[in-house]
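Below: one structure, written as structure tokens.
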Amino acid sequence: MKPATESTSLTSATFEDLVREMIVRLGENPQREGLANTPERVRKAMQFLTKGYAEDPEALLKAALFTVNYDEMVIVKDVEVFSLCEHHLLPFFGKVHVAYVPNGKVIGLSKIPRLIELFSRRLQIQERLTTQIAETIQKVIEPQGVGVVIEARHLCMMMRGVEKQHSAAVTSSMLGCFRSEEETRSEFLSLIRQRPNGV
């Protein structure tokens, strides 16, 4: 391993070099058997966990648009989400619930979990993730309204800082009729609280 020098810039160093430097600064030996291949593994993991930057969310939804005469609420709930908090690069994870009321068009149901994954595979904060999902659906299919709720646990709270093991953050974004009509919003919130088989 070449030693870090003042002349080495962040952009000229390889990803693996940066990870080795971090390991050294943490007081470990990057040559140790258990750590020797860690820089490469970290690079591959980070590339996977941030692959959403290379994907186009609008193109994803436009590829599965269908014309319908259906105007009742469509809900996809309990979609698992895993993301990296941009403040500490630690994971947060939980469930996403999405609903919309069509206005002549629907999207293939599988595209909603894929949209969630696309945005979650970026450095995120939960609040922004929530609004990005809602605003993209609203922009692409122009429904009567969209509602998104995320319930997540954050390892930056559970492993460090306040170290609260059982706390969860809940965020929501309500657009269109979900914001303006209390009945629509209440129906959505009631339905996502129901467990499978009514339990």
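Fair warning: this is a prediction, and the values are worked out from it, not measured in the lab.
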Exercise. Report yes or no: does E151 contribute a side-chain atom to a donor-acceptor pair with the main-chain N or O of A168 at less than 3.5 Å?
Key: no
Review point. Taking it one step at a time, do T171 and S173 satisfy side chain to side chain contact (heavy atoms under 4.5 Å, CB included)?
Key: CA-CA 7 Å; T171 51; S173 178; over 6 Å; no
**Request:** Spell out, as yes or no, whether a donor-acceptor pair under 3.5 Å connects the side chain of Y53 to the backbone of L123.
**Result:** yes
(Q) Heavy-atom count check: over 12 atoms from other residues, nucleotides or ligands less than 6.0 Å from K44 NZ? (A) no
Closest non-hydrogen contact found for F92 with A152 is CD1-CB, 4.1 Å
- Message: I want to check something: taking the side chain as every heavy atom from C-beta on, are M46 and F15 in contact at a cut-off of under 4.5 Å?
- Response: yes
Closest non-hydrogen contact found for P39 with R20 is CG-CG, 3.5 Å
Indicate yes or no: at least one non-hydrogen side-chain atom of E28 is less than 4.5 angstrom from one of L35.
-> yes
Exercise for the section: Check whether any side-chain N or O of S190 sits under 3.5 Å from a backbone N or O of E187 as a donor-acceptor pair, and report yes or no. Expected result: no
Inset, instruction - Evaluate the side-chain proximity of I141 to Y100: yes if any heavy-atom separation is below 4.5 Å, no if none is. - result: yes
| query | Is there a donor-acceptor contact under 3.5 Å from the side chain of E80 to the main chain of G94? | reply | no
Do K139 and E135 come close enough that some side-chain heavy atom pair is under 4.5 Å?
no
> For R41, does the CZ atom have more than 12 heavy-atom neighbours from other residues, nucleotides or ligands under 6.0 Å away?
Replying inline: yes
